[in-house]
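Working notes, structure below.
Every chain is numbered from 1 and lettered A, B, ... according to where its sequence line falls, protein lines coming before strand lines.
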There are 2 protein chains.
Amino acid sequence: MLCSCNNCHIKTIFYETLISNQLDGFCEARTELVLSKGVTFIRQGDEIKSFKYLKEGLIKLHKVDETGKTQIISFGKPMDFVSIHNIFAEKTYSYSVTTLEKSIICIFDLNIINNLVKTNGEFARKIIQTTTRSANNIISNSLDMLGRSMYGKIARVLLFFQEEIYFTYGFDLPVSRKEIAQYTGLSIETVIRVISEFRKDGLIKVYGKRIEIIDKKGLKAIYEYSK
Amino acid sequence: MLCSCNNCHIKTIFYETLISNQLDGFCEARTELVLSKGVTFIRQGDEIKSFKYLKEGLIKLHKVDETGKTQIISFGKPMDFVSIHNIFAEKTYSYSVTTLEKSIICIFDLNIINNLVKTNGEFARKIIQTTTRSANNIISNSLDMLGRSMYGKIARVLLFFQEEIYFTYGFDLPVSRKEIAQYTGLSIETVIRVISEFRKDGLIKVYGKRIEIIDKKGLKAIYEYSK
DNA sequence: GTAAATATATGACAAATATCATAAAGAATA
DNA sequence: TATTCTTTATGATATTTGTCATATATTTAC
């Protein structure tokens, strides 16, 4: 069965808003794509033809600015809408999307979604709600970053992976120091140095990509007092 | 007549998507509010009861974080939806809104808008489009700021007021140096110093709040090469 | 498996930005 | 008008962050 995943946010929206015959057609129109780590499956400038949804895995949204510098906009986790920030507003993507781990993407034809928005107001309302929340998250994030020192920025990144992605104190960082630099706006060396300092201060243990958070309170304090 | 403003974006959406009897009821339900400079008409934490639209003037969206520091999120100009970023997603505002100049706000009851979204899919689609575009602007803005030096940040602010608000090379800055600091994440002294430097370098003339852009190309070059 | 490329790490130094102090000008208030 | 408060301004100095150089470890390509 195609629409059988547990905890599927979009399925929940469908069940809450669609009448059952709409739901059936919808599930049949779904495509599932299994992608390995490091695959760029949406490219900045590509025409938007489908609505994508992250079922499993981890992704990054990133873009290249006029000067050629790469910036990471945000990280996406399961149940996130991948393509929301442009899909309803523009014809092409203004950013790229790349998997950071093996991921499963659900793909719906854009016309079907658009049609549902047009013909089902309750569905539309839910979509507005979800896209707005997601955009709000990105906005709070960048505003937050803008006001913090390098220590606060790095602490936030580590806490993000611990609290929102892996839930355990030990985990393998899915991003390189360079990618953390692209996300925080810091230089690579600064990122490496701050991680080293955290290690020397006994806040974390580091074995290459492997991070173990030893003193979470301390890390959180650094984050909070870093304004 | 209540719905008689030219260039009203929301009226355009209505005309394009509503049938005429819906439109009539809508215009009658509208309230217009004239506010002088410096009035905070939406407060962080307030319950969201209406949909607000900036007809004339200039506003700032701002918030206070946990540490008590004020941040300016964005500036709003005529035809901007004031309340979009929370209205469909949350029950209360996560930011405040204050006039920077005498402004006129159009107010619609939230229930009416919500009803239209539910019953008119084309209207819903337009609302999604507008809110998404606005959120995208804020996101590009903060990402852009994150990657620039103090010179680039200040140049951007000055160019913003010239290109998007006043259109003339000479204008009165509607914000204090302190507010520019809250917007850019720089310290007040740095903002003042950079403006002074721009003046000493002949890029602008400064008479208190009055700014005259002398060398726009130069300012733009500083902005662009400031990554 | 070896070579090349990339990622991590650290030191030394330079540049960018913040902080503290002080002062003058303007705006708000009594 | 005098007084207080806020804003703008600038210097001196400290702190933060970036750049360049170099080294080792790790990954990728052949």
Mind calculating the distance between CD (A:Glu189) and P (D:dA21) to the nearest angstrom?
-> 12 Å
What's the CE-P distance between B:Met150 and D:dG18, to the nearest Å?
-> 14 Å
Does a nitrogen or oxygen in the side chain of B:Ser176 sit under 4.0 Å from OP1 or OP2 of D:dT7?
-> no
Sub-3.5 Å donor-acceptor pair from the side chain of B:Ser187 to the main-chain atoms of B:Thr190, do we have one?
-> yes
Report yes if at least one side-chain N or O of B:Ser149 is closer than 4.0 Å to OP1 or OP2 of C:dA16; otherwise report no.
-> no
Of the candidates C:dA16, D:dT17, D:dT8, the side chain of B:Ile192 sits closest to D:dT8
Rounded distance (Å) that lies between atom P of C:dT8 and atom CZ of A:Arg210 = 16 Å
Where do B:Tyr183 and B:Phe75 land on the ring pair (Phe, Tyr, Trp, His ring centres under 6.0 Å) test, with the steps shown first?
-> CA-CA 9 Å; B:Tyr183 182 59; B:Phe75 300 109; 4.8 Å; yes
For atom CD1 of A:Ile222 and atom P of D:dT16, their distance in whole Å = 12 Å
Could you check whether A:Lys209 gets within reach of a base, just the sugar-phosphate, or nothing at all, counting any heavy atom under 4.0 Å?
-> sugar-phosphate
Do the rings of B:Tyr166 and B:Phe171 sit parallel, tilted or perpendicular, given the 30° and 60° boundaries?
-> parallel
Are OP1 or OP2 of C:dT8 and a side-chain N or O of A:Arg177 less than 4.0 angstrom apart?
-> yes
Atom-pair distance (CG on B:Leu146; P on C:dA16), nearest Å = 18 Å
Under 3.5 Å donor-acceptor, A:Thr168 side chain and A:Gly170 backbone | yes
B:Ser196 side-chain N/O to D:dT10 phosphate OP1/OP2 under 4.0 Å | yes
Donor-acceptor pair, A:Ser36 side chain versus A:Lys102 backbone, under 3.5 Å?
-> no
Sugar-phosphate atoms are those with a prime plus P, OP1 and OP2; base atoms are the rest. Using that split, label each nucleotide of nucleotides 24-30 of chain C B, S or - for protein heavy atoms under 4.0 Å, 5' to 3'.
-> -------
Does any N or O in the side chain of A:Ser96 come within less than 3.5 Å of the main-chain N or O of A:Gln44, such that one atom is a donor and the other an acceptor?
-> yes
Give one of base, sugar-phosphate or nothing for B:Ser187, where a contact means two heavy atoms less than 4.0 Å apart.
-> base
Just call it for A:Leu186: base, sugar-phosphate, or nothing, with non-hydrogen atoms closer than 4.0 Å on any strand.
-> sugar-phosphate
Between C:dT8 atom P and A:Phe198 atom CZ, what is the distance in whole Å?
-> 17 Å
Any donor-acceptor N/O pair, B:Thr99 side chain to B:Val39 backbone, under 3.5 Å = yes
A:Lys153 atom NZ is separated from C:dT17 atom P, nearest whole Å, by 11 Å
Closest to the side chain of B:Val206, out of D:dA9, C:dA7, D:dG18, is D:dA9
Angle between terminal axes - the helix from C:dG1-D:dC30 to C:dA30-D:dT1, 5 pairs each end, rounded to 10° | 60°
Identified side-chain hydrogen bond (donor to acceptor under 3.5 Å, both in side chains) partner of A:Thr98 from the options A:Arg43, A:Glu179, A:Lys60, A:His62 | A:His62
Might you work through the salt bridge (Lys or Arg N to Asp or Glu O under 4.0 Å) test for B:Glu212 and B:Arg199, ending with a clear yes or no?
-> CA-CA 10 Å; B:Glu212 268 171 45; B:Arg199 176 176 48 71; over 6 Å; no
Counting any heavy atom closer than 4.0 Å, what does B:Gly152 reach on the DNA or RNA strands: base, sugar-phosphate only, or nothing?
-> nothing
Closest to the A:Arg199 side chain, choosing from D:dT16, C:dA9, C:dC20 | C:dA9
Can you figure out which of D:dT7, C:dA7, D:dG11 approaches the side chain of B:Arg193 most closely?
-> D:dG11
Rounded to whole Å, the OH-P distance (B:Tyr225 to C:dA16) equals 18 Å
Applying side chain to side chain donor-acceptor pair (under 3.5 Å), name anything that partners A:Gln71, two or more places apart in sequence or on another chain.
-> none
